[in-house]
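Each remark here refers to the structure printed beneath this line.
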Amino acid sequence: KTARCAIPLMGKLAEELGYFGADPTMGEGGESLQITDPEEAWVFHILADDTGESAVWAAQRVHDDRIAAVANQFIIRTLDLDDSEYFM
């Protein structure tokens, strides 16, 4: 129902079922998705784990007074997992 609910579900499914992007050995294995609802916007990064069986993912909420520009590379640089309002 919300972006905040969709992100953990997407991450869980990728961890359980795997993520298969482009060839990770060529530096092309990840994706950046933007998940939004009327209240929040999130940036969601995902790539295959080193076994090829699961996934690694991270998400950061876009502050209400900001925008996010995502152009062919991951933009989340640090994670504060103690701040669940803005990071997953």
Side-chain angles (χ1 to χ4, degrees):
K1 293 183 179 188
T2 67
R4 185 177 293 271
C5 293
I7 291 166
L9 175 61
M10 293 165 55
K12 179 182 176 193
L13 289 171
E15 289 171 6
E16 291 175 0
L17 303 173
Y19 171 78
F20 305 99
D23 183 354
T25 65
M26 301 298 291
E28 301 173 346
E31 289 289 335
S32 180
L33 305 170
Q34 289 65 58
I35 315 301
T36 66
D37 65 35
E39 302 299 320
E40 295 182 332
W42 288 79
V43 176
F44 178 86
H45 295 320
I46 185 170
L47 64 153
D49 75 347
D50 58 355
T51 69
E53 302 286 324
S54 187
V56 178
W57 63 274
Q60 181 176 8
R61 182 177 169 202
V62 179
H63 287 261
D64 291 339
D65 61 346
R66 298 185 187 165
I67 63 167
V70 183
N72 297 327
Q73 66 182 16
F74 288 170
I75 63 168
I76 299 173
R77 298 290 179 227
T78 59
L79 294 172
D80 181 356
L81 296 179
D82 291 327
D83 183 359
S84 61
E85 185 67 21
Y86 284 93
F87 295 95
M88 290 189 223

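For reference, positions follow the sequence shown, starting with 1.
- Taking Trp42 as the reference, nothing meets the ring-ring contact (aromatic ring centres under 6.0 Å, His included) condition, with sequence neighbours excluded.
- Note that the SG atom of Cys5 and the CD atom of Glu40 stand 9.5 Å from one another [nearest 0.5 Å].
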Listing, residues 75-88 side-chain donor-acceptor contacts under 3.5 Å, not counting sequence neighbours, or none:
residue	atom	partner	partner atom	Å
Arg77	NH1	Phe74	O	3.1
Arg77	NH2	Phe74	O	3.0
Asp80	OD1	Asp82	N	3.2
Asp83	OD1	Glu85	N	3.3
Glu85	OE2	Arg61	NH1	2.8

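- Grouped by direct or indirect side-chain proximity (heavy atoms under 4.5 Å, Ile/Leu/Val/Met/Phe/Trp/Tyr only), Ile67 sits alone.
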Ile35 vs Met10, side chain to side chain contact (heavy atoms under 4.5 Å, CB included): CA-CA, chis, key distance, verdict: CA-CA 10 Å; Ile35 315 301; Met10 293 165 55; 3.7 Å; yes
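- Residues satisfying the side-chain hydrogen bond (donor to acceptor under 3.5 Å, both in side chains) test with Glu53, not counting sequence neighbours, are none.
- Transitive grouping of hydrophobic side chains (ILVMFWY, heavy atoms separated by less than 4.5 Å) keeps Val43 and Leu33 in distinct clusters.
- Here the CD1-CD1 distance, from Ile7 to Ile46, works out to 11.5 Å after rounding to the nearest 0.5 Å.
- Legend: residues meeting side-chain hydrogen bond (donor to acceptor under 3.5 Å, both in side chains) with Asp37, ordered by chain and number and at least two apart, are absent.
- Looking at Thr36 and Gln34, their side chains never bring a donor and an acceptor atom within 3.5 Å of each other.
- The distance from atom NE2 of His45 to atom CH2 of Trp57, rounded to the nearest 0.5 Å, is 12.5 Å.
- Taking CD of Glu39 as the reference point, atom OG1 of Thr2 lies at 10.0 Å (rounded to 0.5 Å).
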